[in-house]
Participant: 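Got a structure here, written out as structure tokens. Questions coming.
Given the structure is predicted, the values throughout are model-derived calculations rather than measurements. Numbered from 1 within each chain, the chains take letters A, B, ... in sequence-line order.
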Amino acid sequence: MRLSRFFLPILRETPKEAEIVSHRLMLRAGMMRQEAAGIYAFLPLGLRVLQKICNIVREEQNRSGAIELLMPTLQPADLWRESGRYEDYGKEMLRIKDRHAREMLYGPTNEEMITDIFRAYVRSYKDLPLNLYHIQWKFRDEVRPRFGLMRGREFLMKDAYSFDVDQAGAVHSYNKMFVAYLRTFARMGLQAIPMVADTGPIGGNLSHEFIILAQTGESEVYCHKEYLDFAVPDEGVNFDDIPGLQTTVDKWTSLYAATSEKHDAAAFEALPADAKVSARGIEVGHIFYFGTKYSEPMKAVVQGPDGVEKPVHMGSYGIGPSRLVAAIIEAHHDEAGIKWPDSVAPFHVAILNLKQGDGATDQASEKIYTALRGKGIDVLYHDLDERPGSKFATADLIGVPWQILIGPKGLANGQVELKKRADGSREMLAPEDAIARLS
RNA sequence: CGGGGCAUAGCGCAGCCUGGUAGCGCAUCUGCUUUGGGAGCAGAGGGUCGCAGGUUCAAAUCCUGCUGCCCCGACCA
């Protein structure tokens, strides 16, 4: 992508409404724009990151055996009357009437709808287990939205719903998601720690929040230090290996880890002094097992081998991709801007032509640009007529992992400079070598 | 929802107390010079001062009401 043909509205100064670093940097980097309290438009750069995140989420959901579908944002109120949650949800739910005065709502979550879909088609235990997910916008009319994408009212959520004949099956489904989540966050450069969680209005009795540690986190969390070094299962993990998955989950839940709501001060104090980690955390995922809470009132039943109909055991599993954009920035930034992990970077490499209009640098830049594109690499070519300093600042701000600096000085020796954004390291290379390095 | 604050050009702000020509920096446009860490000079464009009432000869400025947004707290993926 040539910057001259892209839409990247960089802000040199920070809009005053932005308090936390991810919010500031997203606005400055031209990733998003606020349209109302807690409601944002994703601009092209932000969308690229969001899509990368969604794709990782999708790959890991698929790998674990979950199946993607897409439910609507608007739902009929009647479904929610069946579960009893239409009244329970309160003002957080955005209620709407259509032209026929039918009561609708903008979905804050989808348990009722997925249960409705399930019960319409599934009759037999032979069709289970089943895990259906979608990635869709949600709306929760928070009293006080804040911190940009971190706590918006409209947010993108991946929500998966599992269906099993019995509790043992449901626990395995839960474990699959547990492991899929470990992998998902790790791939984004985040060390997420599963913590014992409150089940909240969704209900149930088996639940974990996946928390990443960050100074600007919204809640106090407490955990054992060893979690920070635990290895995440590799992509060869066998999701059908019931005891194997259980062993992994047991390991990841063996040590103390809790958010402030579930904090047990005595248990935490009992840990060795150097093992105690008390920090701020950002919730990036939440998984629940809630049994027959919805299947029973909504009559989502299957016949077992014995011919008896029983309500299915369900769980639901959320990840907030839009919040993750902010969370990743909180974990990966410095004074100059964002430092995207490769896996979610909006572009893999930025070419900075340090003397636009100069025959030699123009030619070298074009050549490298074409070569990288030919290899299918996401490259942003800064081809505007700006001074070097300005190009450096822009590239550092938007956080592209690699920068190729092409200037007259280097070219005089037949070299360009390759800079790694993460640690600022740089080296002079022949253009072909820089290209090879990035391939 | 309780408490606090803000609203003046795209962004950041001054002006308001003490009413009288709407200003500064950055950004934008034109030209020339410049080109390895947010360039210099010269010129230009851009604002119903959040909205609605009121006071006054006259309101960005004083008064009343409303709306939007931000922060702290309570609540949540």
Participant: Identify whether any heavy atom of A:Gly407 sits under 4.0 Å from a base atom; if not, whether one sits that close to sugar-phosphate; answer base, sugar-phosphate or nothing.
Facilitator: base

Participant: Have a look at A:Lys91 and say if it touches a base, only the backbone sugar-phosphate, or nothing, with a 4.0 Å heavy-atom cut-off.
Facilitator: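 Touches sugar-phosphate only.
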
Participant: Base, sugar-phosphate alone, or nothing: which one does A:Arg33 contact when heavy atoms must sit under 4.0 Å apart?
Facilitator: nothing

Participant: Answer with base, sugar-phosphate or nothing: what part of the nucleic acid does A:Leu11 contact at a heavy-atom distance below 4.0 Å?
Facilitator: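 A:Leu11: no heavy atom of the nucleic acid under 4.0 Å.
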
Participant: Which heavy-atom pair separates A:Met188 from A:Pro341 by the least distance, and what is that distance?
Facilitator: O-CG, 3.4 Å

Participant: Calculate the interatomic distance between A:Ile10 atom CD1 and B:G10 atom P; express it in whole Å.
Facilitator: 19 Å

Participant: Between atom NE2 in A:His23 and atom C1' in B:C11, what is the gap in whole Å?
Facilitator: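 Checked: the NE2 to C1' distance equals 14 Å.
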
Participant: Distance check, C1' atoms only: B:G5 and B:U18, in whole angstrom units.
Facilitator: 24 Å

Participant: What contact category does A:Thr14 fall into here, base, sugar-phosphate, or nothing, at under 4.0 angstrom with non-hydrogen atoms?
Facilitator: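 Contact class for A:Thr14: sugar-phosphate only.
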
Participant: Is the number of heavy atoms from other residues, nucleotides or ligands within 6.0 Å of CZ (A:Arg33) greater than 12?
Facilitator: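 12 or below, so no.
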
Participant: A:Gln403 and A:Asp396: side chain to side chain donor-acceptor pair (under 3.5 Å), yes or no, with the steps?
Facilitator: CA-CA 9 Å; A:Gln403 300 171 15; A:Asp396 287 349; 2.8 Å; yes

Participant: Considering heavy-atom distances to RNA chain B, does A:Ala37 or A:Ser322 have its closest nucleotide positioned more toward the 5' end?
Facilitator: A:Ala37

Participant: With a non-hydrogen cut-off below 4.0 angstrom, is A:Asp396 in contact with a base, only sugar-phosphate, or nothing?
Facilitator: base

Participant: Measure CD/A:Gln356 against P/B:U35 and give the value in whole Å, please.
Facilitator: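 One finds 15 Å between P of B:U35 and CD of A:Gln356, rounded.
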
Participant: Could you give the distance separating B:G73 and B:C29 at their P atoms, to the nearest angstrom?
Facilitator: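 My reading of the P atoms in B:C29 and B:G73 gives 43 Å.
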
Participant: Less than 5.5 Å between centroids and less than 30° between ring planes, does A:Phe392 satisfy that with B:G36?
Facilitator: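 According to the criterion (under 5.5 Å, under 30°), no, A:Phe392 does not stack.
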
Participant: Give a yes or no on whether a donor-acceptor pair under 3.5 Å exists between the nucleobase atoms of B:G3, that is its base, and the side chain of A:Arg144.
Facilitator: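 Looking at the base of B:G3, it does not pair with any donor or acceptor on the side chain of A:Arg144 (distance under 3.5 Å).
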
Participant: For atom C1', what is the distance between B:G31 and B:G38, given to the nearest Å?
Facilitator: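 Each nucleotide's C1' atom is 22 Å from the other's.
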
Participant: In whole Å, what is the span from the CG atom of A:Leu411 to the C1' atom of B:U35?
Facilitator: 14 Å

Participant: What I want to check is whether an N or O donor and acceptor connect the side chain of A:Lys16 with the base of B:G5 at under 3.5 Å.
Facilitator: no

Participant: Say you pick atom P in B:G36 and the same atom in B:G45; how far apart are they, in whole Å?
Facilitator: 33 Å

Participant: Between B:G4 and B:A74, how far apart are the C1' atoms? Round to whole Å, please.
Facilitator: 15 Å

Participant: Aromatic ring centroids of A:Tyr227 and A:Phe230 under 6.0 Å?
Facilitator: yes

Participant: Distance check, C1' atoms only: B:G12 and B:U64, in whole angstrom units.
Facilitator: 31 Å

Participant: Describe the nucleic acid contact of A:Gln34 in one word from base, sugar-phosphate, nothing, applying a heavy-atom distance below 4.0 Å.
Facilitator: sugar-phosphate

Participant: What's the CG-C1' distance between A:Asp385 and B:U34, to the nearest Å?
Facilitator: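 Between C1' of B:U34 and CG of A:Asp385: 10 Å.
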
Participant: NA contact type, A:Gly152, heavy-atom cut-off 4.0 Å: base, sugar-phosphate, or nothing?
Facilitator: base

Participant: Does A:Arg12 have a side-chain nitrogen or oxygen under 4.0 Å from the phosphate oxygens OP1 or OP2 of B:C26?
Facilitator: no

Participant: Reckon A:Ala36 touches a base, only the sugar-phosphate, or nothing at all at heavy-atom distances under 4.0 Å?
Facilitator: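 Sugar-phosphate, no base atom in range.
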
Participant: Does the plane of the ring in A:Phe290 sit parallel, tilted or perpendicular to the ring in A:Tyr294? Use 30° and 60° as the thresholds.
Facilitator: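 Judged by the thresholds at 30° and 60°, the geometry between A:Phe290 and A:Tyr294 is perpendicular.
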
Participant: For nucleotides B:C17 and B:C63, find the distance between their P atoms and express it as a whole number of Å.
Facilitator: 9 Å

Participant: Looking for any heavy atom pair under 4.0 Å, which part of the strands does A:Gly410 touch: base, sugar-phosphate only, or nothing?
Facilitator: base

Participant: By the 4.0 Å heavy-atom rule, please label A:Glu209 as base, sugar-phosphate, or nothing.
Facilitator: nothing

Participant: Using the P atom as the reference point in each nucleotide, state the distance between B:G47 and B:A9 in Å, no decimals.
Facilitator: 11 Å

Participant: Does a distance-only test, which skips hydrogens and angles, find a donor-acceptor pair under 3.5 Å between the side chain of A:Glu386 and the base of B:G38?
Facilitator: no

Participant: Out of A:Arg146, A:Met150, A:Gln215, A:Glu218, which one pairs with A:Ile20 under the side-chain contact (heavy atoms from CB on, under 4.5 Å) rule?
Facilitator: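 The passing option is A:Met150.
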
Participant: Taking only side-chain nitrogens and oxygens of A:Arg323, does any of them come within less than 4.0 Å of OP1 or OP2 of B:A77?
Facilitator: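 For B:A77, OP1/OP2 do not have a side-chain N/O of A:Arg323 under 4.0 Å.
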
Participant: Rounded to the nearest 0.5 Å, what's the gap from CG on A:Leu50 to CG on A:Leu45? Could you check?
Facilitator: 11.5 Å

Participant: Can you say whether a donor on the side chain of A:Arg426 sits under 3.5 Å from an acceptor on the base of B:G37, or the other way round?
Facilitator: yes

Participant: Quick check on RNA chain B: between A:Gln403 and A:Leu149, whose nearest nucleotide comes earlier from the 5' end?
Facilitator: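 Closer to the 5' end of RNA chain B: A:Gln403.
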
